[in-house]
Amino acid sequence: MRHSWTVGSGLVRLLAAVMLIFLGLPLVALLLRALQSPLPGSVSLDAIISAVWLSFLSTLCTLMVALLLGTPLAYVLARRRFPLRRLAIVLVELPVVLPPAVAGLALLIAFGRRGLVGAGLADLGISLPFTFVAVVMAQTFVAAPFYIRAAQIAFESIPREIEDAARADGAGGWSLFRFVTLPLAGRGLAAGLVLCWARALGEFGATILFAGSLQGRTQTMPLLIYNVLERDISAAIWTGLLLVGLALVALLISQSLTRKAHHDDSRD
Amino acid sequence: MMKFLGAMLGLLLMIPLGVHAQEERETLTVFAAASLTDAFEELADAFEAQYPYVEVVYSFGGSSQLAAQIIEGAPVDVFASANARQMTLVEEAGLVAGEALRFARNRLVVIVPNDNPANIETLADLARPGLLLVLAAPGVPIRDYTEIMLEKMAADPDYGPDYRQAVLDNLVSEEDNVRQVVAKIALGEGDAGIVYLSDVTPDQSPNLKTITVPSAFNTIASYPIAALTGAANPETAQAFVDFTRSVEGQCILKRWNFLTLRSCRNP
């Protein structure tokens, strides 16, 4: 009895180790290769700086859109019951599992020059593909759901009694949200925003299809990597490492925020 | 937990066995320029008819990206590039077995969507400001050939050096391979693109209109092919290379609008 139990737990640990190594090895390899590679030349450095700037600007815009439009949606999903609520939840979840290329294609079919909405916009003189706006749209489509889901969970975790009590004391609408709901949900929202940012930063498939790739206008860091690795692989490696570093920072912040949120909950 | 893990492990180990049981044929891995997609698919069928124990497996893409993958160690038997430069990079890495041989040629053409939203009739129109021009990324052969074409035009008094800059100012996207350029134009998203003559395939021609590039400015794109040192079976790899240059291979390429090295005697 005891003999087979030890073999079992050994196998479990072995398999766990294999998975961990598989996840870690490519990142270690990237780091080692970077240390052996020359630093990018001036032409590539130019492109890298453009890409970093575009990545930061576009993801910032994406965060603002997610915050502005995603927070109300998350709140409604958390607090209200309405017909087709299930459908709304599925629509929010879908971009998370959808292949980014499909998302890009769908955006193109909807907002392209011959698109469902795009054709009308074209008549008004507005052309979305190949623009910075298209980059933000692509990022928002794939990344906002991460924030909306986290925000919904954060709102749902606030006991109704607290909100009811505040309402009984005379707080209503905006002041209820600002002074009661938001502070309590704050950490969950922040953690969601960080995840949203990380996903937007790494967005590639939808961006390249819908917004195209041009240095200084639409070429974010992931697009640069894909574009430049055939001409200057060291530039690609260094940009890749930069992205890994940023994603790591995002994850650590998000994890610590979530831990603090749970810690606060358990103290109540 | 243990039974579950054991079952998963068992299933996982059976997959390579199952795959092996089906795949008793020898696999020939060919990396080929994106513009060769249709022609090479047909070529593979003809090759496999002659060599029934071989299965040809393709990876199509921008020649620059394929070359980079080969140099980084991708297991490839044959490389067919859209220009000499990418083949030279692979040669310099010591990965070409024997000699790279030319097997096809191509020419450039300007394409616009079938409804021609920007009303482009001549090459001069490409310099009109506000146009949405889509090209391939630098390093991809079609882009290198386009730069040569623009340089030739810049040297011509009818166009001048400003023409080249005006055209490049209209660039809105740099795609990874020539077929992506075709896709963007066929979808109507870009106003114009520069691709190979052979890229206007029967499938795509209803979606496109072409504008000829005069011979004075057009370039002959030269496609080299070579067996690689890493080939699993060097004879089969060389046989494929030779097949592309055989009468049958050349006829297939010609049917797909490539310029061939030898005349095709089949009707």
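Nothing here was measured: the structure is a model prediction, and the numbers come from that model. Just so we're on the same page: letters track the sequence lines, and every chain starts at 1.
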- chain B interface, residue from A:Arg33, A:Gln215, A:Gln219 that has the most non-hydrogen pairs under 4.5 Å: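 Of A:Arg33, A:Gln215, A:Gln219, A:Arg33 has the most heavy-atom pairs under 4.5 Å with chain B.
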- Note on the structure: Max heavy-atom pairs within cutoff under 4.5 Å with chain B, candidates A:Leu11, A:Leu229, A:Leu108, goes to A:Leu108
- Message: Counting only non-hydrogen atoms closer than 4.5 Å, does A:Leu15 touch chain B with its backbone (N, CA, C, O), its side chain (CB onward), both, or neither?
- Response: side chain
4.5 Å side-chain heavy-atom contact, [X] and [Y]:
| X | Y | result |
| --- | --- | --- |
| B:Leu187 | A:Arg114 | no |
| B:Glu72 | A:Ile233 | yes |
| B:Asp191 | A:Arg113 | yes |
| A:Glu230 | B:Val140 | yes |

- Query: CD/B:Gln65 to OH/A:Tyr226 distance, rounded to the nearest 0.5 angstrom?
  - Reply: 4.0 Å
- Query: To the nearest 0.5 Å, how far apart are CD in B:Glu189 and CZ in A:Phe111?
  - Reply: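 Between atom CD of B:Glu189 and atom CZ of A:Phe111 there are 12.5 Å.
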- Query: Looking at A:Arg217 and B:Val172, what are the two nearest heavy atoms and their distance?
  - Reply: NH1-CG1, 3.6 Å
- Message: Which heavy atom of A:Leu214 sits nearest to which heavy atom of B:Glu174, and what is that distance?
- Response: CD1-CG, 3.9 Å
- Is a side-chain N or O of A:Ser213 found less than 3.5 angstrom from the main chain of B:Ser173, in a donor-acceptor match? no
- Side-chain donor/acceptor of A:Arg231 to backbone N/O of B:Pro138, under 3.5 Å: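 Yes.
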- Please flag which part of B:Leu132 lies under 4.5 Å from any non-hydrogen atom of chain A: side chain, backbone, both or neither. side chain
- Interface residue of largest heavy-atom contact number with chain A, from B:Ala68, B:Gly188, B:Ala67, B:Ala137, under 4.5 Å: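 That would be B:Gly188.
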